[in-house]
Amino acid sequence: MTESHLLPRPEATGAFLVAALYHFARFERFADFQTPLQAFCDARGIKGTLLIAREGINGTVAGSDTDIAELLTFLRAQPEFSGLEHKESRASKMPFVRMKVKLKKEIVTMGVEDIDPNRIVGTYVEAKDWNALISDPETIVIDTRNDYETAIGIFKGAVDPNTKTFREFPDWVKNNTGLHNKPKIAMYCTGGIRCEKATAFMKQQGFEDVYHLKGGILKYLEQVPEEESLWEGACFVFDERVSVEHGLKEGNHKLCHACRNPITAEEITSPKYEEGVSCSHCYDSRTEEDRLRYRQRQLQIALAKQRGVKHIGS
């Protein structure tokens, strides 16, 4: 993808450009790259999170079009990331509080040794070809995301593993022998990274015809017209927008800052909802002591807002 893709699109209304990116590569010098990468982003006011590990880079960042273009050029100038791709969307306000460059053992945590998408991986499927694949009765479609993500959106007919974390996915596969009943397996996730690693795991487990959606749900919602879409609901994103919809428009979900679950406008009307304190997802699993602590935090957020500053926990 060239830098010309970063020019503002006519339909773009958000003041900030959001870039979701990842790239699997053998990156032995990842620890030495942390400080210069952090400094590069800080100097340009870029915010978000980038994870770097021996297996590559993963993250989402936001900033001005110019600053994000410079960051992508900087990353692609590294020999390990010359083939890095990214997905773009817009945000009406800065969707991150700060910039973090973190060192990790894995850029997406599965917890299985020797899974290397550079060595073995499923077949990429472009967004325009995805509908045909998942509509094939010989295909099992699997959502590799976590339960709080699938709760607000999923592809029609997809299997939801109901996992709390990606670490649970390998055991789910091993415990579901019915996955062998159909010859083709199609997998997807938000931006492509989890399903890429998941297909590598599936191939390692002996599954042969394994496919994954290139660019993930984000690329699908960007490229496939809504009237042709097989996507149902909204797509959870890991920033203050909470969700995006067709055309990558900002969704209507909010985040419960007590349990980090996305909540709908209807759920906000629940008597169990209190901003920053509880929602219908977590009310029954929290104590009054928990809620008192959350109320104190919410008060600090409100006071910070009155002073015109952003509270670090908001």
Check: How are the rings of F27 and F33 set to each other: parallel, tilted or perpendicular (split at 30° and 60°)?
Finding: perpendicular
Next item on the list: Evaluate the ring planes of Y188 and W231, with Trp represented by its six-membered ring, and classify them as parallel (under 30°), tilted (30 to 60°) or perpendicular (over 60°).
Entry: perpendicular
Partner of [X] under side chain to side chain contact (heavy atoms under 4.5 Å, CB included), chosen from [options]:
{"X": "V101", "options": "V61, T35, I52", "value": "I52"}
{"X": "V242", "options": "L255, I263, V237", "value": "L255"}
{"X": "H212", "options": "V125, T144, V121", "value": "V121"}

Regarding [X] and [Y], is there a side-chain donor-to-acceptor distance under 3.5 Å anywhere?
{"X": "T150", "Y": "D160", "answer": "yes"}
{"X": "H253", "Y": "T264", "answer": "no"}
{"X": "E85", "Y": "Y22", "answer": "no"}
{"X": "Y283", "Y": "E274", "answer": "no"}
{"X": "N131", "Y": "Y220", "answer": "yes"}
{"X": "Q78", "Y": "R29", "answer": "yes"}

Measure the shortest side-chain to side-chain distance between [X] and [Y] over non-hydrogen atoms and say whether it is less than 4.5 angstrom.
{"X": "T269", "Y": "Y273", "value": "no"}
{"X": "M187", "Y": "M202", "value": "yes"}
{"X": "L50", "Y": "L21", "value": "yes"}
{"X": "T60", "Y": "T49", "value": "no"}
{"X": "T287", "Y": "L292", "value": "no"}
{"X": "V108", "Y": "F166", "value": "yes"}
{"X": "Y211", "Y": "D129", "value": "no"}
{"X": "Y124", "Y": "E196", "value": "yes"}

Counting only N and O atoms by type, is there a donor-acceptor contact under 3.5 Å from the side chain of [X] to the main-chain atoms of [Y]?
{"X": "Q38", "Y": "M99", "result": "yes"}
{"X": "K182", "Y": "P137", "result": "yes"}
{"X": "R241", "Y": "R90", "result": "yes"}
{"X": "D290", "Y": "R286", "result": "no"}
{"X": "E226", "Y": "H246", "result": "no"}
{"X": "N58", "Y": "I107", "result": "yes"}

Note to self: Under the criterion salt bridge (charged side-chain N to carboxylate O under 4.0 Å, His left out), I'd like the reasoning laid out for E222 against K87: C-alpha separation, chi angles, the key distance, then a yes or no.
What the structure shows: CA-CA 9 Å; E222 176 188 0; K87 279 78 62 181; over 6 Å; no
Check: Does R76 make a cation-pi contact with F74 (under 6.0 Å, within 45 degrees of the axis)?
Finding: no
Does the pair [X]/[Y] count as a salt bridge with the N-to-O cut at 4.0 Å?
{"X": "E126", "Y": "K214", "value": "yes"}
{"X": "K47", "Y": "E240", "value": "no"}
{"X": "D284", "Y": "K272", "value": "yes"}
{"X": "K164", "Y": "E149", "value": "no"}

Note to self: Run the side-chain contact (heavy atoms from CB on, under 4.5 Å) test on F155 and I217 for me, step by step, so that the C-alpha distance in whole Å, both residues' side-chain angles and the decisive distance to 0.1 Å come before the verdict.
What the structure shows: CA-CA 9 Å; F155 274 108; I217 303 163; 4.3 Å; yes
Flag if over 12 foreign heavy atoms under 6.0 Å of [atom1], [X]:
{"X": "K203", "atom1": "NZ", "result": "yes"}
{"X": "E208", "atom1": "CD", "result": "no"}
{"X": "E227", "atom1": "CD", "result": "yes"}
{"X": "K249", "atom1": "NZ", "result": "no"}
{"X": "Y148", "atom1": "OH", "result": "yes"}

Next item on the list: Take H281 and E267 through the test side chain to side chain donor-acceptor pair (under 3.5 Å) and record every step on the way to the result.
Entry: CA-CA 9 Å; H281 296 280; E267 287 172 324; 3.1 Å; yes
With rounding to the nearest 0.5 Å, note down the distance linking [atom1] in [X] to [atom2] in [Y].
{"X": "T177", "Y": "N181", "atom1": "OG1", "atom2": "CG", "answer": "7.0 Å"}
{"X": "T73", "Y": "I68", "atom1": "OG1", "atom2": "CD1", "answer": "11.0 Å"}
{"X": "L17", "Y": "L72", "atom1": "CG", "atom2": "CG", "answer": "8.0 Å"}
{"X": "R98", "Y": "C41", "atom1": "CZ", "atom2": "SG", "answer": "14.5 Å"}

Next item on the list: Decide yes or no on side-chain contact (heavy atoms from CB on, under 4.5 Å) for D143 and V159, but give the supporting numbers first.
Entry: CA-CA 6 Å; D143 194 317; V159 175; over 6 Å; no
Check: Pick from E106, E28, E80: which one makes a salt bridge (Lys or Arg N to Asp or Glu O under 4.0 Å) with R54?
Finding: E28
Next item on the list: Could you walk me through whether R44 and L71 pass side-chain contact (heavy atoms from CB on, under 4.5 Å), step by step?
Entry: CA-CA 9 Å; R44 289 159 180 79; L71 173 61; 5.9 Å; no
What are the two closest non-hydrogen atoms of [X] and [Y], and how far apart are they?
{"X": "H86", "Y": "A19", "answer": "CD2-CB, 4.2 Å"}
{"X": "D209", "Y": "P183", "answer": "CB-O, 3.3 Å"}
{"X": "N252", "Y": "S243", "answer": "N-OG, 3.8 Å"}
{"X": "L230", "Y": "S135", "answer": "CD1-OG, 3.5 Å"}
{"X": "F40", "Y": "E70", "answer": "CZ-O, 3.5 Å"}
{"X": "M94", "Y": "A62", "answer": "CE-O, 3.5 Å"}

Item checked: Close aromatic pair by centroid cut-off 6.0 Å: H180 and F207 -> yes
Next item on the list: Determine, stepwise, if the pair W172 / L179 fulfils side-chain contact (heavy atoms from CB on, under 4.5 Å).
Entry: CA-CA 10 Å; W172 179 84; L179 296 175; 3.9 Å; yes
Margin query: Do I185 and F169 land in one hydrophobic cluster if side-chain heavy atoms of ILVMFWY residues count as linked below 4.5 Å?
Written below: yes
Check: Tell me, which pairs form a ring pair (Phe, Tyr, Trp, His ring centres under 6.0 Å) where one or both residues lie in residues 103-123, sequence neighbours left out?
Finding: none
Next item on the list: Take Q298 and R293, measure what side chain to side chain donor-acceptor pair (under 3.5 Å) needs, and give me the verdict at the end.
Entry: CA-CA 9 Å; Q298 193 64 21; R293 188 170 69 254; over 6 Å; no
